[in-house]
Amino acid sequence: MLGMGRASVGALLVALAVLAPAATAQSCGDELPTQLVGNYSGLACAPVWNNFVLRYAQDRDNVLRVVLSTMYSTGWVGMGFSKDGLMVGSSAMVGWMGKTGVAHIKQFSLQGKVPSQVVVDKGSLVSNDHDHTVLVQQAKIYLAFQLRFTAPLKRQNVLLAIGSAIPVNDRLSEHQDKTSITFDFTTGSSSSGSSFQEGLKRTHGALNLFAWGVLLPIGAIVARYCRRWDPLWFYLHAGIQFVGFILGLAGIVAGVSLYNKIQANVPTHRGLGIFVLVLGILQILAIFLRPNKDSKYRKFWNWYHHWVGRLALFFAAINIVVGIKVGGAGSSWKVGYGFNLAVLLITIIALEVLLWTRWRNNSSSTTAY
């Protein structure tokens, strides 16, 4: 996959922009609004995901008091209770602030993945609507509700989601972001799904980030800027790209296995991944159709190989960023990949300047001669 050039620089800039830091996070040290202190004081507290903070307490009657809070500007926020960690078949408490400033909090039955199958005022959660409150204060939303269970909650599969559009006629728009965690209401600890699924997620992300975000761009850099060392550059380029493609393919296999287990609703990430994989396969197949250097078709093959490679790297960089976001990978992945992008970008700019300087000097020498 030859060359990066301006197309790759553009991909890096776009990806860096998407990795911009989020709003100031919440913490358990934040005080509850005064309106909630009476009914929801003395709760245990735990950060659970991104800016989400969960406050909770259970009493002897198996009544669970919950205050879920997160950063908020508009849209809806929900917390679901699931038997298996999946969306379908679970029930959720969802709150939002309406366009006229009226607060809403309702139970929804999550019978499917399309808005028409998310049914309001249905579900398996037992509650009293008079015990529910939604508040928006200082760019934060607080969902306070009480649920009665038949036995004390211990380890429970919990769904967290946020949507950017205000519900109309109690119909939820598709979520902007979501996650599934296992929360222990006796210890306050949480984990993202099963350890096996979490391992698959990390494997999928690490392999694809290293392959498409590190190795393959390095192979492209070798092809564009190291041609003076012929034929060493070619063998380095071919070897690096082959190893990168194999690792990326292994990462995709891990991703497919993960998708089959959790049925994650990530159409953008999946679509981009399939597209990049097809481009990578076309690059591999093109090797077997490579004309000789003296062939009149060689220049067309070079044009195809250069630009398909650049296109693959461009969309791979975007998809890595999308994957970090939809996977809820956390700040360490964002910082790590952002640093990697910055190093690649600085290296490409420096080498491009040297390449053009050398080309101009050679052109001047030839003209003078």
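From a predicted model like this one, the values you see are computed outputs, not experimental measurements. Both backbone and side-chain heavy atoms feed into the values below; hydrogens, waters and symmetry mates do not. Throughout, residue positions are numbered sequentially from 1 according to the sequence presented.
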Is the shortest side-chain heavy-atom distance between [X] and [Y] below 4.5 Å?
X: Thr133; Y: Gln35; answer: no
X: Lys106; Y: Asp121; answer: yes
X: Met79; Y: Leu143; answer: no
X: Arg55; Y: Ser69; answer: yes
X: Tyr40; Y: Gln146; answer: yes
X: Val53; Y: Asp30; answer: no
X: Leu344; Y: Val214; answer: no
X: Phe275; Y: Leu311; answer: yes

Please verify the inter-ring angle class for Trp49 with Phe52; under 30° counts as parallel, over 60° as perpendicular, anything in between as tilted. tilted
How are the rings of His104 and Trp96 set relative to one another: parallel (under 30°), tilted (30 to 60°) or perpendicular (over 60°)? parallel
Check whether any side-chain N or O of [X] sits under 3.5 Å from a backbone N or O of [Y] as a donor-acceptor pair, and report yes or no.
X: His175; Y: Gly163; result: no
X: Gln241; Y: Leu236; result: no
X: Asn157; Y: Lys83; result: yes
X: Tyr72; Y: Val77; result: no
X: Arg65; Y: Ala57; result: no
X: Gln283; Y: His305; result: yes
X: Asn292; Y: Asp294; result: no
X: Asp61; Y: Val63; result: no
X: Glu352; Y: Tyr225; result: no
X: Asn319; Y: Phe315; result: no

Atom [atom1] in [X], atom [atom2] in [Y]: separation rounded to 0.5 Å?
X: Leu232; Y: Arg227; atom1: CG; atom2: CZ; result: 13.0 Å
X: Ile348; Y: Leu355; atom1: CD1; atom2: CG; result: 12.5 Å
X: Asn208; Y: Leu249; atom1: CG; atom2: CG; result: 9.5 Å
X: Gln156; Y: Thr186; atom1: CD; atom2: OG1; result: 12.0 Å
X: Ile162; Y: Ile141; atom1: CD1; atom2: CD1; result: 8.0 Å
X: Leu32; Y: Gln137; atom1: CG; atom2: CD; result: 9.5 Å

Would a hydrophobic clustering, with Ile, Leu, Val, Met, Phe, Trp and Tyr connected at side-chain separations under 4.5 Å, put [X] with [Y]?
X: Val136; Y: Leu68; result: yes
X: Val114; Y: Leu172; result: no
X: Ile287; Y: Leu279; result: no
X: Leu282; Y: Phe314; result: yes
X: Val168; Y: Met97; result: no

Consider only side-chain N and O atoms of Thr182 and Asp184, and report whether a donor and an acceptor are under 3.5 Å apart.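 Their side chains do not contain a donor-acceptor pair, so the 3.5 Å distance test is not met.
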Worked check of side chain to side chain contact (heavy atoms under 4.5 Å, CB included) between Lys122 and Gln107: CA-CA 6 Å; Lys122 299 289 185 180; Gln107 181 179 175; over 6 Å; no
If I compare all heavy atoms of [X] with all of [Y], which pair ends up nearest, and what's the gap?
X: Leu36; Y: Val67; value: CD1-CG1, 4.2 Å
X: Arg290; Y: Trp301; value: CD-CH2, 3.3 Å
X: Phe145; Y: His132; value: CB-ND1, 3.3 Å
X: Ala223; Y: His237; value: CB-ND1, 3.5 Å
X: Val322; Y: His269; value: CG1-CB, 4.0 Å
X: Ala211; Y: Gly244; value: CB-O, 3.2 Å

Before we go on, tell me: are the rings of Phe183 and Tyr56 under 6.0 Å apart, centre to centre? yes
Given Ser124, which of Ser91, Ser109, Ser90 fulfils the side-chain hydrogen bond (donor to acceptor under 3.5 Å, both in side chains) condition?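 When side-chain hydrogen bond (donor to acceptor under 3.5 Å, both in side chains) is applied between Ser124 and each of Ser91, Ser109, Ser90, only Ser91 qualifies.
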Neighbour count >12 (heavy atoms, 6.0 Å) for atom OH, Tyr304: yes
Apply side chain to side chain contact (heavy atoms under 4.5 Å, CB included) to Val48 and Val158, showing your working. CA-CA 10 Å; Val48 285; Val158 173; over 6 Å; no
Gln58, Arg155, Lys154 screened by side chain to side chain contact (heavy atoms under 4.5 Å, CB included) with Phe185, the one that passes: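 Looking at Gln58, Arg155, Lys154, the match for Phe185 under the side chain to side chain contact (heavy atoms under 4.5 Å, CB included) is Gln58.
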